[in-house]
Amino acid sequence: MEAPPPRFMFLLFLLTCELAPEVAAEVEKSSDGPGAAQEPTWLADVPAAMEFIAATEVAVIGFFQDLEIPAVSILRSMVQKFPGVSFGISTDSEVLTHYNITGNTICLFRLVDNEQLNLEDEDIAGIDATKLSNFIEINSLHMVTEYNPVTAIGLFNSVIQIHLLLIMNKASPEHEENMQRYQKAAKLFQGKILFILVDSGMKENGKVISFFKLKESQLPALAIYRTVDDEWDTLPIVEVSIEHVQNFCDGFLRGKLLKENHEADEKPPKVEL
């Protein structure tokens with residue numbers, strides 16, 4: 001069989017044939033948030049919908065012509081399960097037209113790459129809580145998305161082809177301050193680079209570290225990767241600073257690599273499906 005295109009090499013390297021059970025396990029871990037039950041925000045007109053989407057990193061909106069279909073109650077059940085996602089509902093014809101909706105549709109909007117992902121009539125006719133949960137879990141990309149087997153799928157489905165990984169131990173005392181600076185740097189490259197956190201304290205993430213030929217002694221580190229051609233570079237750092245991140249990303253975007261030894265024979269072998 002013909003070898004898959006370069007865009008999928010890193011994904012194939014990270015995700016094994018046991019991905020499906022891992023994904024199911026990760027989604028199963030999502031638990032109800034604390035506090036009283038909440039409801040999706042009612043979006044009565046176009047300005048309200050636009051403001052709602054612009055105010056959050058990930059928004060899920062049910063555009064319904066019929067509020068009696070099962071998908072409505074299933075959408076409502078997701079509110080407690082995903083506290084980091086904003087949920088809304090609209091039946092207004094002008095709102096549906098504004099977002100090119102022609103039937104009952106559930107849409108996920110991502111601020112990080114301005115994507116609108118739709119589950120349309122044929123998709124939601126037989127949808128259940130597990131399928132909708134999978135859809136949200138996989139596609140919920142934020143300014144900084146923590147890597148796991150579920151989010152990896154959404155990351156590689158994004159139109160943004162350059163990914164920056166901060167590989168560091170979340171249990172380290174410097175983690176919180178480093179993440180604050182990393183978040184600020186992410187906003188400088190919105191729409192150009194996806195910012196990812198990889199917890200080096202998790203044994204399962206060892207495959208990511210080995211892919212970039214990093215040693216534990218070199219962590220924390222930044223690793224940048226372009227999915228279209230498998231080009232990558234790394235930068236071990238003592239601490240994260242906006243300046244370090246910006247210079248590293250700008251250099252990669254200009255085609256300047258800090259390391260000169262990324263020859264084709266050093267890359268992981270191409271994997272055939």
> To the nearest 0.5 Å, how far apart are CG in L96 and CG in L43?
11.0 Å
> Out of curiosity, S73 OG to E68 CD, how far, rounded to the nearest 0.5 Å?
10.0 Å
> What pairs with E146 under salt bridge (Lys or Arg N to Asp or Glu O under 4.0 Å), at least two apart in sequence or on another chain?
K170
> Using the rule given for side chain to side chain contact (heavy atoms under 4.5 Å, CB included), can you reason through L222 versus L166, listing the C-alpha separation, both sets of side-chain angles and the distance that settles it, and then say yes or no?
CA-CA 5 Å; L222 296 172; L166 170 60; 3.9 Å; yes
> With the side chain counted from C-beta on, respond yes when I69 and F64 share a heavy-atom pair under 4.5 Å apart, and no when they do not.
yes
> For a 4.5 angstrom cut-off between non-hydrogen side-chain atoms, does I124 reach T105?
no
> For residues W42 and V95: do they belong to one hydrophobic cluster (side chain heavy atoms under 4.5 Å, members Ile, Leu, Val, Met, Phe, Trp, Tyr)?
no
> Using modelled atom types only, decide if a donor and an acceptor are shared between the side chain of T56 and the backbone of A59 within a distance under 3.5 Å.
no
> Rounded to the nearest 0.5 Å, how far does CD1 of I106 lie from CD1 of I89?
9.0 Å
> Examine V85 and M50 and state if one hydrophobic cluster contains both, with Ile, Leu, Val, Met, Phe, Trp and Tyr joined whenever side-chain heavy atoms are less than 4.5 Å apart.
no
> Do the side chain of D45 and the main chain of A48 share a donor and acceptor less than 3.5 angstrom apart?
yes
> Please find the pair of heavy atoms, one from Q65 and one from N104, that lie closest to each other, and give the distance.
N-OD1, 2.7 Å
> Hydrophobic clustering (ILVMFWY, side-chain heavy atoms < 4.5 Å, transitive) - are V72 and I136 grouped together?
yes
> Around atom CD of E177, are there more than 12 heavy atoms from other residues, nucleotides or ligands closer than 6.0 Å?
no
> Please confirm whether the backbone N or O of E204 pairs with a side-chain atom of K207, one donor and one acceptor, at under 3.5 Å?
yes
> Under 3.5 Å, sequence neighbours excluded: what are the donor-acceptor pairs made by side chains of residues 185-195?
residue: Q190; atom: NE2; partner: L111; partner atom: O; Å: 2.9

> Evaluate the criterion side chain to side chain contact (heavy atoms under 4.5 Å, CB included) for residue pair V245 and K184; output intermediate values, then yes/no.
CA-CA 10 Å; V245 174; K184 291 178 180 178; over 6 Å; no
> I need the minimum non-hydrogen distance between A221 and P236, along with the two atoms involved.
CB-CA, 3.8 Å
> Apart from V238 itself, which Ile, Leu, Val, Met, Phe, Trp or Tyr residues share its cluster (side-chain heavy atoms under 4.5 Å, direct or through members)?
none
> Under the rule for salt bridge (Lys or Arg N to Asp or Glu O under 4.0 Å), what residues qualify as partners of D113, not counting sequence neighbours?
R110
> So how far is it from L141 CG to S158 OG, rounded to the nearest 0.5 Å?
6.0 Å
> Roughly how far, to the nearest 0.5 Å, is CZ of F248 from CD of E243?
14.5 Å
> Any non-hydrogen side-chain atom of D199 less than 4.5 Å from a side-chain atom of N169?
yes
> Return yes when atom CD of E94 has more than 12 non-hydrogen atoms of other residues, nucleotides or ligands closer than 6.0 Å, and no otherwise.
no
> What closest approach, in Å, do K81 and P83 show between heavy atoms, and which atom pair accounts for it?
O-CD, 3.4 Å
> The test is side chain to side chain contact (heavy atoms under 4.5 Å, CB included); show your working for T41 and F52 and say whether it passes.
CA-CA 9 Å; T41 300; F52 179 78; 3.7 Å; yes
> Look at the aromatic rings of F212 and W232 and report parallel, tilted or perpendicular, splitting at 30° and 60°.
perpendicular
> Counting only heavy atoms from other residues, nucleotides and ligands, does the tally under 6.0 Å from NE2 of H98 exceed 12?
yes
> Is the closest side-chain heavy-atom distance between S77 and L132 below 4.5 Å?
no
> Is the shortest heavy-atom distance from the side chain of I209 to the side chain of E216 under 4.5 Å?
yes
> What distance do Y225 atom OH and I196 atom CD1 have between them, rounded to the nearest 0.5 Å?
11.0 Å
> S140 and V58: which non-hydrogen atoms are nearest, and at how many Å?
OG-CG1, 3.9 Å
> Heavy atoms only: give me the nearest Y147-V198 pair and the separation to one decimal.
CB-CG2, 3.9 Å
> Under the ring pair (Phe, Tyr, Trp, His ring centres under 6.0 Å) test, which residues partner F63, sequence neighbours left out?
Y99
> Would you check if V60 and F109 make a side-chain contact, meaning some heavy-atom pair closer than 4.5 Å?
no
> State, yes or no, whether a side-chain contact exists between F82 and E137 at a heavy-atom distance under 4.5 Å.
yes
> Do the side chain of N118 and the main chain of E120 share a donor and acceptor less than 3.5 angstrom apart?
no
> Is there a side-chain contact between N178 and E239 in this structure, where contact means two heavy atoms from C-beta onward sitting under 4.5 Å apart?
yes
> Under the ring pair (Phe, Tyr, Trp, His ring centres under 6.0 Å) definition, can you give me all pairs with a residue in residues 125-146, not counting sequence neighbours?
none
> Give the cluster check for L108 versus V79: same hydrophobic cluster or not, with ILVMFWY residues linked at side-chain heavy-atom distances below 4.5 Å.
yes
> Is V112 reachable from I53 through a run of hydrophobic residues whose side-chain heavy atoms are each under 4.5 Å from the next?
no
> Assess the residue pair V240 and H244 against the criterion (side chain to side chain contact (heavy atoms under 4.5 Å, CB included)); give the C-alpha distance rounded to whole Å, side-chain angles, the decisive distance to 0.1 Å, and a yes or no.
CA-CA 7 Å; V240 176; H244 281 151; over 6 Å; no
> F252 and E231: which non-hydrogen atoms are nearest, and at how many Å?
CZ-O, 3.8 Å
